[in-house]
Every structure is written in C-alpha cells, then in structure tokens.
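See structure below.
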Amino acid sequence: MHFTAFVTLALAAPVVHTWGDLGHRTVGYLAEKHLTVGALTLFGRLLANENNHDYSDAATWADTVKRSMPWSRGFHYINPEKDDPPTTCHVSWPSDCPKSGCVVSAIANYTSIVLDTRQPLIQRKNATMFIMHLIGDLHQPLHAVGWKTGGNEVKPLCWKRTPPAGQVRCGGDLNLHEVWDTRLAHTLRGLPISLDNGREKRAAAEWADDLFSRQRAAGLVGGKSECDELGTTKCIVGWTAESNALVCSHVLKRGEQWILRNDLSEEYFDENWETVDHQIGLAGLRLAAWMNAIALATSGRGKDL
Ligand SMILES: *[C@@H]1O[C@H](CO)[C@@H](O)[C@H](O)[C@H]1NC(C)=O
Ligand SMILES: *[C@@H]1O[C@H](CO)[C@@H](O)[C@H](O)[C@H]1NC(C)=O
C-alpha cells in the first residue's frame with residue numbers, strides 16, 4: 001500500500017531539469033569576464049567560501065538546494081497561462097506569475113535582497129547565487145513555457161549522435177526539456193553527455209572564452225546591456241517573453257509529431273544549436289550587466305560592501 005502510494009507520487013512529480021550544469025557554469029564564467037572592478041570586489045566578498053567554489057559553482061547552486069528549499073522550485077520557470085505553442089506564445093505579467101512565485105518575481109525579490117546592505121551576508125550570498133542561476137534559466141525557452149510541463153512530457157525522443165561515440169539513445173525516456181537543457185549544448189561543444197566535474201568546468205570556461213571573444217568583437221563589453229533597471233521587473237519580463245517566443249519560432253517549429261518521430265541529433269540539432277549558443281551568451285552578458293548595476297547601486301553603502 002505504502003509502496004504503491006510512493007510510486008504513484010514519484011511518477012506524478014514532474015522531473016524538471018534546468019540548463020544542464022554546463023550551460024549554467026558557462027553563464028557564470030562569461031558574466032565574470034564582463035564584470036567591472038567594483039562588481040568583482042563586491043561579489044568576490046559576497047561569494048567567498050572555503051571550498052574553492054568559483055562563479056560557475058555559484059551559478060549551479062540553486063539546483064542543489066531544490067530538496068532542502070522546496071519552496072524555491074517554482075522560481076526556476078514561469079508557466080504562462082494563455083500559451084498554446086506553436087500557434088500562440090505569450091507572457092502576461094503579472095497574471096502569469098502565481099502568488100508562490102516564478103522566475104520573474106524571484107529575480108526581482110533576490111535583487112532587492114542583494115541591494116539591501118543591511119541584510120546578513122549569508123542572505124545576500126544566497127540571493128546572488130539565485131540570481132546567477134535564474135537569469136540563466138529564463139533564457140532556456142522551455143523554462144518560459146508551461147506547455148507539457150516545459151516539454152518534460154514530450155517523450156520518448158530519439159538522439160543518436162552523442163559525441164564522441166557510443167551511447168545511442170532512442171526510445172528511452174529522453175524528453176524535450178532535457179534535449180534543450182543538455183543535449184544541444186553538449187553536442188554543439190563536441191562533448192559527451194556526462195562529464196566529470198573538472199572536465200565540465202574546463203569545458204564551460206572554454207565556451208565562455210569563446211562567447212566572450214565573439215561578444216567583444218561585436219562591441220558588447222562589460223556591463224553594457226539594453227537593460228539595467230534593477231528596481232523594476234520590466235527587463236526581466238522582456239527577457240522572459242523573448243525566451244517564450246523562441247518556443248514558437250524554434251523549439252516547436254516542426255510540431256510535436258515530427259519531434260517524436262525523428263532523430264533530433266540530425267536536422268533538429270542543425271536548426272537549433274545556434275539558438276542555444278546565442279541564449280547562453282545573452283544570459284551571461286545580461287547577468288553581468290545586472291551584477292554591475294547592483295555593484296554601482298550599492299557602492300558607498302554599508303561598511304565595507
Ligand atoms: C524572497 O526570498 C526569500 C529568501 O529566500 C524567500 O523566503 C521569500 O519567499 C521570497 N519571496 C518571494 C515573493 O519570492
Ligand atoms: C543559504 O544557503 C545554505 C545552503 O547553501 C543554507 O544552508 C542556508 O540556510 C541559506 N541561508 C539563508 C539565509 O537562506
């Protein structure tokens with residue numbers, strides 16, 4: 001009896017992943033490269049730890065506390081109500097955000113906590129790590145859509161090409177959310193799906209270097225972004241709507257039936273890897289602008305921060 005109840009619960013609980021750690025780590029490292037001296041000082045102090053944890057670890061922290069802080073689970077996404085992709089993609093603010101919170105309200109909440117220099121350091125540290133993760137998450141199109149639990153229910157899918165070799169996986173339980181979190185990113189970087197910690201961090205650092213040089217060549221440098229209005233949700237809602245629109249234009253362009261029937265590591269990969277690369281780059285740049293703006297707004301406030 002108890003066992004049955006447990007199994008039912010376990011099956012009912014949606015498995016929600018986020019950009020795999022590779023993506024989040026890359027966003028963390030990329031943001032670090034764009035930080036001003038003031039931001040490096042502030043966040044160097046706030047994120048200080050004895051475990052050699054760096055910006056990429058800070059960006060993955062929020063996924064590690066989903067169990068101990070279950071109320072934070074809903075902060076990783078938003079489920080717009082009037083959505084019907086691929087026909088209609090739309091985010092309504094604030095009606096699409098439940099009282100319990102969503103990615104937009106959580107970023108706003110944690111921003112006000114980091115800005116409040118009277119808050120204890122640990123609060124501001126955790127808030128910083130939430131922001132570093134959640135700005136990454138909202139750039140993953142399937143975190144900005146409620147359709148089929150953000151694509152988690154679209155399965156089983158087929159993905160045959162998993163570099164460097166081996167690991168053919170079709171008809172397992174691979175779902176569309178996971179394809180966008182992990183498969184596209186690892187494949188575009190020429191990486192196998194599982195990496196040990198050290199290799200994952202090196203791969204993320206290389207991806208961040210690569211994105212940073214392309215952004216610099218395009219004139220996008222430290223802290224310049226279209227949005228740094230910390231006091232409002234306007235920018236965050238705009239980024240979320242942009243991400244949501246990608247569900248209609250890219251994620252579901254071919255329709256669900258096509259997705260269920262094809263090896264997604266072929267044409268689907270070819271059509272979508274640039275979007276992943278672009279979104280990770282944008283997330284890192286925007287996160288940096290956000291952090292730079294926080295540093296600017298708090299400079300001169302508080303004793304030494
Ligand atoms: C704001 O963050 C705090 C600290 O994690 C949390 O307890 C609270 O529920 C959050 N509030 C909202 C509205 O998200
Ligand atoms: C901050 O996060 C740690 C886990 O990394 C947790 O133990 C601690 O309670 C959190 N503190 C606050 C104030 O949220």
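The first residue in the sequence is number 1, and the count goes up from there. One-based numbering, in listed order, for ligands and for the atoms of each. Because only heavy atoms are used, hydrogens play no part in the values below, and waters and symmetry mates are left out as well, while side chains stay in. Remember, predicted model here, so these are calculated numbers, not experimental data.
- When each of Asp181, Asp137, Asp57 is paired with His24, the side chain to side chain donor-acceptor pair (under 3.5 Å) condition holds for Asp137 and for no other.
- Relative orientation of the Trp239 and His139 rings is tilted, given thresholds of 30° and 60° on the angle between their planes.
- Between Phe130 and Trp61, the distance separating the two ring centers is shorter than 6.0 angstrom.
- Under 3.5 Å, the side chains of Ser100 and Trp71 contain no donor-acceptor pair of N or O atoms.
- Residue-level contacts of ligand 2 at the 4.0 Å heavy-atom threshold are Trp61, Met69, Ile122, Gln123, Asn126.
- Under the 30°/60° scheme for interplanar angles, the aromatic rings of His34 and Phe212 are found to stand perpendicular.
- In this structure, the side chain of Gln215 engages the main chain of Gly281 through a donor-acceptor pair within 3.5 Å.
- Those atoms of ligand 1 that come under 4.0 Å of a heavy atom in Trp71, given as number and element, are 5 (O).
- Ligand 1 has a nitrogen or oxygen under 3.5 angstrom from a nitrogen or oxygen of Tyr110.
- Looking only at distances, no side-chain donor or acceptor of Thr149 sits under 3.5 Å from a matching main-chain atom of Asn152.
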